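Model, not experiment: these values are computed from the prediction.
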Amino acid sequence: GPSEFIPHVERSPVVRTLTLAVASDALRRLVEWDRRGHRLEAAVNVPYRMLDDEELTTRLRGLLETIGVDPERLTLEVVPSGPGAGSELDSTVVRHLRDLGVRLSLDDLGRASSVAAIRTLPLHQVKIDSMFLHEAGRGGPADAIVRSLVGLAYGLGLETVAEGVESKLAWEAALSLGCDFAQGFYLGHPM
């Protein structure tokens, strides 16, 4: 059935190839920006179930070495959606990924699958789901939820990113509720 098919698709060679192509492009752009005097970092989305794909880790290592970018400048943004998100991964492969030196960020913190995933990954960062920031800053439940998620992240030693900061109110809420970083249209459009 579909619930058995989707995790398989997320580990497919096609998804791996696409993920690596995006990572390669991002790393090459970092080198180009370095030449222009801008030392930046890049983030690439990765399906949760792709994290224990040993070939992904091996080929990422090759890209980093060939292109010549420090691994800590690449963040893999783990997208914890679909069947199997948050389930146990092959710990050996995940350890190899961590040892590679890239940063791992968990996307959409606050959704059920992300809460399950937070215990399984060697994360550096979590991104608080935009639905909470859209409602934050008014003293309601969203403020309490964001504050709790920030507290959870800090308790685990993780950086926090407020997603979906599209207004001055959301920007001020992200600051006052303790988020380390913010992203959204209020600050700039995707590039």
Side-chain angles (χ1 to χ4, degrees), residues 7 9-82 85-86 89-109 113-114 117-130 153-154 156-165 174 179-191:
V9 168
E10 288 186 343
R11 290 185 185 170
S12 76
V14 173
V15 174
R16 181 191 315 118
T17 299
L18 180 59
T19 301
L20 289 165
V22 171
S24 176
D25 183 59
L27 294 172
R28 291 178 196 286
R29 287 175 189 256
L30 288 180
V31 170
E32 179 59 34
W33 288 327
D34 283 350
R35 287 190 194 115
R36 297 179 186 180
H38 306 290
R39 186 165 173 86
L40 302 172
E41 297 176 357
V44 174
N45 284 0
V46 177
Y48 179 85
R49 298 300 312 172
M50 181 65 67
L51 291 178
D52 61 0
D53 178 343
E54 183 71 58
E55 186 159 340
L56 176 73
T57 301
T58 301
R59 292 184 56 193
L60 267 177
R61 178 177 288 108
L63 279 177
L64 289 161
E65 291 171 358
T66 301
I67 297 171
V69 174
D70 293 332
E72 67 271 5
R73 293 179 64 194
L74 177 64
T75 297
L76 301 182
E77 287 191 8
V78 182
V79 182
S81 60
L89 296 169
D90 183 323
S91 61
T92 302
V93 178
V94 173
R95 187 171 54 253
H96 291 165
L97 185 62
R98 183 195 63 219
D99 293 345
L100 179 60
V102 297
R103 293 170 46 88
L104 289 180
S105 178
L106 182 66
D107 210 5
D108 300 333
L109 183 63
S113 58
S114 69
I118 202 169
R119 67 181 174 78
T120 63
L121 301 173
L123 297 167
H124 297 88
Q125 180 185 81
V126 291
K127 299 178 80 174
I128 297 173
D129 193 273
S130 61
Y154 285 166
L156 296 171
L158 305 174
E159 295 174 348
T160 56
V161 179
E163 292 185 295
V165 175
C179 295
D180 296 310
F181 302 100
Q183 72 177 58
F185 292 155
Y186 181 71
L187 304 168
H189 289 268
M191 295 179 281

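Annotation: the span from Glu65 atom CD to Leu100 atom CG amounts to 8.5 Å, rounded to 0.5 Å. In this structure, Leu104 CG and Arg98 CZ are separated by 10.0 Å, a value rounded to the nearest 0.5 Å.
For the pair Glu77 and Val46, the minimum side-chain heavy-atom distance is 4.5 Å or more. Using a 4.5 Å heavy-atom threshold, the side chains of Leu63 and Leu20 count as touching. Contact check for His38 versus Asp34: no side-chain heavy atoms found under the 4.5 Å cut-off. The shortest distance between side-chain heavy atoms of Leu76 and Thr19 does not fall below 4.5 Å. With a 4.5 Å cut-off on side-chain heavy atoms, Leu97 and Leu51 count as touching. Taking 4.5 Å as the limit, every side-chain heavy atom of Val161 sits out of range of all side-chain heavy atoms of Cys179. At a threshold of 4.5 Å between non-hydrogen side-chain atoms, the residues Val102 and Thr75 do not count as touching. The closest side-chain heavy-atom distance from Leu56 to Leu60 is below 4.5 Å.
Leu106 pairs in a side-chain contact (heavy atoms from CB on, under 4.5 Å) with only one of the listed residues (Ile118, Leu158, Val79, Ile128), which is Ile118.
Judged purely by distance below 3.5 Å, without hydrogens or angles, the side chains of Ser24 and Arg28 pair a donor atom with an acceptor atom. Defined by atom type and a distance below 3.5 Å, a donor-acceptor pair is missing between the side-chain atoms of Tyr48 and Asp107. A donor-acceptor pair shorter than 3.5 Å cannot be found between the side chains of Glu163 and Ser130. Checking Glu54 against His96 by side-chain atom types alone, a donor-acceptor pair falls below 3.5 Å.
Salt bridge status for Asp70 with Arg39: present, with a side-chain N to carboxylate O gap under 4.0 Å. Taking a cutoff of 4.0 Å between a charged side-chain nitrogen and a carboxylate oxygen, Arg103 and Glu72 do not qualify as a salt bridge. Between Arg29 and Glu32, none of the side-chain N atoms (NZ, or NE/NH1/NH2) sits under 4.0 Å from a carboxylate O, so this pair counts as no salt bridge. Taking a cutoff of 4.0 Å between a charged side-chain nitrogen and a carboxylate oxygen, Lys127 and Asp108 do not qualify as a salt bridge.
In this structure, Thr160 contributes its side chain and Val126 its backbone to no donor-acceptor pair below 3.5 Å. Although no hydrogens or angles enter the test, the distance criterion places a donor-acceptor pair under 3.5 Å between the side chain of Arg73 and the main chain of Leu40.
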In sequence, state the C-alpha distance, the side-chain angles, and the governing distance for Val31 and Val69, and then conclude on side chain to side chain contact (heavy atoms under 4.5 Å, CB included). CA-CA 7 Å; Val31 170; Val69 174; 3.7 Å; yes
Could you walk me through whether Asp180 and Tyr154 pass the side chain to side chain contact (heavy atoms under 4.5 Å, CB included) test, one step at a time? CA-CA 10 Å; Asp180 296 310; Tyr154 285 166; 3.0 Å; yes
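Heavy atoms only, all atoms of each residue included: Ser105 and Leu123 are closest at C-CD2, 4.2 Å. When every heavy atom of Val44 is checked against every heavy atom of Ala23, the shortest pair comes out as CG2-CA, 3.9 Å.
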